There are 2 protein chains.
Amino acid sequence: MLSKGDLIAVLDLIDHAQSVGTEEQFHGLMKMAAQLVPIEKTHVSVARLDAGNAIVGTSRRISIDYPDAWLTHYREQGLIRVDPAARLLFRAERPLIWADLRKRYRKASEQAFYNSAHDFGLDQGFSFGARFMRSASASFFSCAGQELTSHQRHVLVIRYLLPHLHASLSKVHLGLLKQVPALTPREIEVLNWLKFGKTNWEVSIQLNVSERAVKFHVENAMRKLNASNRLQAVAIALSQGLIEWG
Amino acid sequence: MLSKGDLIAVLDLIDHAQSVGTEEQFHGLMKMAAQLVPIEKTHVSVARLDAGNAIVGTSRRISIDYPDAWLTHYREQGLIRVDPAARLLFRAERPLIWADLRKRYRKASEQAFYNSAHDFGLDQGFSFGARFMRSASASFFSCAGQELTSHQRHVLVIRYLLPHLHASLSKVHLGLLKQVPALTPREIEVLNWLKFGKTNWEVSIQLNVSERAVKFHVENAMRKLNASNRLQAVAIALSQGLIEWG
DNA sequence: CGCGCACCTGTCCGACCGGACAGGTCCGGC
DNA sequence: GCCGGACCTGTCCGGTCGGACAGGTGCGCG
C-alpha cells in the first residue's frame with residue numbers, strides 16, 4: 001500500500017510527464033522516477049515492430065548505468081528468442097516484473113538466461129513496452145535495481161508510472177511541436193480529397209471548379225510542403241496534422 | 001489538499017483511463033469522474049481546428065445533462081466570440097475555471113455572457129481543450145456543477161484528471177484498434193519509399209530490382225488496402241500504422 | 001510432389017500527373 | 001491606388017501511373 005506522500009509524488013510525476021517534449025526533459029523524467037523507486041539501471045529505446053509485434057530494430061536509445069556488456073551479449077547471443085519478457089512485450093499493458101517471469105517460465109534455456117542476467121547484476125527489475133498510437137514503433141523500457149521489485153510499494157509505483165513514461169516518450173518520439181507552412185483552406189480541402197484517392201477531375205466535381213483549379217491548389221501545396229509529388233504532399237500534411245484521418 | 005482516499009481514487013481513475021478505447025467506455029469514465037467531484041452537467045465534443053486554434057466544427061458530441069438550450073443559444077448568438085474560455089482554449093494546458101475567468105475578464109460583453117450562462121444554471125464549472133497528437137482535431141470539455149469549483153479539493157482533482165480524460169478521448173477518436181490487412185515486408189518497404197515522393201524508377205534503384213517489380217508490389221498493396229491509387233494506399237497505410245512517419 | 005505465396009520481370013496503352021507557358025477576378029492592407 | 005494573396009482558368013508536352021496481358025524462381029507445407 002502506498003503512503004500519502006507516495007501518492008502525491010506519483011501524481012506529480014504523472015503530472016510532470018505531461019509537459020515532457022524533448023529528449024532532455026524525458027531524461028530528467030526518468031531520473032525523477034529513479035528517485036521515487038530504487039531504479040539503478042535504465043535502458044530505454046524506441047523499437048520498430050513488424051505486424052507480429054516482433055522487434056525489427058531500435059533507435060533513440062537512452063541508457064542510464066545499464067550494462068553495455070549485457071546489451072551486447074543479449075544481441076550477439078540472440079537472447080531475444082529466449083527472454084520471456086521479449087515474447088510478452090507490447091502485448092501486456094503492464095510492466096513485466098522479472099521475478100514474476102522467473103516463477104512462470106522455467107525451461108532450461110530460460111533458467112540459463114536468468115543466470116546469465118544475474119552475472120551482469122540484473123536480478124530485480126522490469127520490462128515495459130507499448131506501441132505508440134498509429135505507429136509501427138513502440139517504447140521499450142528496461143529498469144533494474146537491487147530492491148526494485150521486492151517491495152509492493154515499488155511495484156505499485158512502477159505500475160502507475162510506466163504508462164505515463166511511455167506517453168512522454170511517445171511525444172518525444174513523434175516530435176509533436178514543429179513549424180509547418182500554413183496551407184490555405186482550399187489547399188487543405190483539396191489534399192483532404194486526394195487522400196481518398198481522388199483524381200484532379202473527381203475533386204473538381206466535388207469543389208465545383210475546373211480541373212485546372214484543383215491542379216493549381218495541389219501545385220501550391222506541393223511547393224509549400226516541399227514535396228516532389230502529390231503523394232508526398234499528402235503524407236507530409238497527414239504527419240503534420242494539417243489534414244485529418246479519413 | 002487531497003486526502004489519501006482522494007489520491008487513490010484519482011490515481012485509479014487515471015489508471016482506468018488508460019484502457020478506454022470505445023465511446024461507451026469513455027462515457028463510463030466521465031460518469032466515474034462525476035462521482036469523484038460534483039460534476040452535474042457535462043458536454044464533451046471533438047473540435048476541428050484551423051491553424052489559429054479556432055474551432056471550425058465539432059463532432060462526436062457527448063452530452064450528459066448539459067442544457068441543450070444553452071448550446072443552441074451559444075451557437076445562435078455566436079457567443080464563441082465573447083466567451084473568454086473559447087479564446088484561451090487549446091492554448092492552456094490546464095482546465096479553465098470559469099470563476100477565475102470571471103475575475104480576470106470583466107468587459108461589459110463578457111459580464112453579459114456570464115449573466116446569460118447564469119440563467120441556464122451554468123455558474124461553477126470549467127472548460128478544457130487540447131489538441132490530439134498529429135491531428136487538426138482537439139478535445140473540448142465543458143463541465144458544470146453547483147459546488148464544482150468552490151472547493152480546492154475539486155479543483156485539484158479536476159486539474160489532475162483532465163489531461164487523462166483528454167488522452168482517453170484521443171484514443172476513442174483516433175480509433176486505435178482496427179483490423180487491417182497484412183502487407184508483406186516488401187510491400188511495406190515500397191510504401192515507405194513512396195511516402196517520400198519517390199517514383200517507381202527511384203524505388204527500383206533503392207531496392208535493386210526492376211521498375212516492374214516495384215509496380216508489382218504497389219499494385220498488390222493497393223488491392224489489399226482497397227485503395228484506388230498509390231496515394232490512397234500510402235494514406236491508409238500511414239493512418240493504420242502500417243508504415244512509419246517520415 | 002504439387003499448391004500457395006512472396007517475389008520478380010516483361011510489354012502495351014489509355015489515363016493521369018508535373019511543370020511550363022499564359023491569363024483573369026476579388027479583396028484587404030499600406 | 002497599387003500590391004500581394006487567394007482563387008480561378010486555359011493549353012501544351014513529356015513523364016508517370018494503373019490495369020491488363022504475359023511469364024519466371026524459390027520456399028514452406030501438407
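What you are looking at is a predicted structure, and each value in this text was computed from that prediction instead of being measured. Naming: A, B, ... by sequence-line order, numbering from 1 per chain.
The stretch residues 200-213 of chain A comes close to DNA chain C through Asn200(A), Arg212(A), each having a heavy atom under 4.0 Å from the strand.
Under the 4.0 Å criterion applied to side-chain N and carboxylate O atoms, Glu93(B) and Arg159(B) are not assigned as salt-bridge partners. A salt bridge is defined here as a Lys NZ or Arg NE, NH1 or NH2 lying under 4.0 Å from an Asp or Glu carboxylate O, and Glu219(B) with Arg212(B) meets this definition. With respect to Arg223(A) and Glu187(A), no salt bridge is recorded, no charged nitrogen being found less than 4.0 Å from a carboxylate O.
Checked against a 6.0 Å centroid threshold, the rings of His166(B) and Phe132(B) count as neighbours. Ring to ring, Trp98(A) and Phe113(A) are not that close: their centroids are 6.0 angstrom or more apart.
Listed nucleotides: dC16(C), dC8(D), dC7(C). Nearest to the side chain of Arg186(A): dC8(D). Picking from dG18(C), dT16(D), dG18(D) the nucleotide with the shortest atom distance to the side chain of Lys215(A) gives dG18(C). Comparing dG19(C), dG19(D), dC7(C) by their nearest atom to the side chain of Phe216(B) picks out dC7(C).
The backbone N or O of Glu211(B) sits nowhere less than 3.5 Å from a side-chain atom of Asn200(B) that would complete a donor-acceptor pair. Side chain of Arg102(B) to main chain of Asp123(B): a donor-acceptor pair is present (N/O by atom type, distance under 3.5 Å, no hydrogens or angles). At distances below 3.5 Å, not a single donor-acceptor pair connects side-chain atoms of Asp83(B) with backbone N or O atoms of Leu79(B).
The side chain of Thr184(A) places no N or O atom within less than 4.0 Å of a non-bridging phosphate oxygen (OP1 or OP2) of dG5(D). Applying the 4.0 Å criterion to OP1 and OP2 of dG18(D), one finds that Ser228(B) has every side-chain N and O outside that range.
Counting all heavy atoms, side chain and backbone alike, Glu202(A) lies closest to Gly197(A) at OE1-O, 4.0 Å. Closest heavy-atom contact between Glu189(B) and Arg186(B): OE1-NH1, 3.0 Å. Taking all atoms of both residues into account, the shortest heavy-atom contact from Phe26(B) to Leu165(B) is CE1-O, 3.5 Å.
The end-to-end axis angle of the helix from dC1(C)-dG30(D) to dC30(C)-dG1(D), rounded to 10 degrees and based on five pairs per end, is 50°.
As judged by a 4.0 angstrom heavy-atom cut-off over every strand, Glu219(A) is placed among the base-contacting residues. Residue contacts for Asn229(A): at a heavy-atom cut-off of 4.0 Å it reaches the sugar-phosphate backbone alone, with no base atom in range.
Atom CD of Glu189(B) is separated from atom P of dA6(C) by 15 Å (rounded to the nearest Å). Rounded to whole Å, the distance from CG on Leu225(B) to C1' on dG18(D) is 16 Å. Per the geometry, CG belonging to Leu194(A) stands 8 Å off P belonging to dC17(C), to the nearest Å. Between Asn220(B) atom CG and dA6(C) atom P there is a gap of 8 Å when expressed in whole angstrom units. Counting to the nearest Å, the C1' atom of dC7(D) and the NZ atom of Lys224(A) are 11 Å from each other. The distance from atom CZ of Arg223(B) to atom C1' of dA6(C) is 12 Å, rounded to the nearest whole Å. Rounded to an integer number of Å, the gap from Leu231(B) CG to dT16(D) P is 17 Å. The interatomic distance linking Arg230(B) (CZ) with dG15(D) (P) rounds to 17 Å, in whole Å.
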Contact list (N/O, under 3.5 angstrom) for nucleotides 24-28 of chain C vs protein:
none

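Atom CG of Asp119(A) has more than 12 heavy atoms from other residues, nucleotides or ligands within 6.0 Å.
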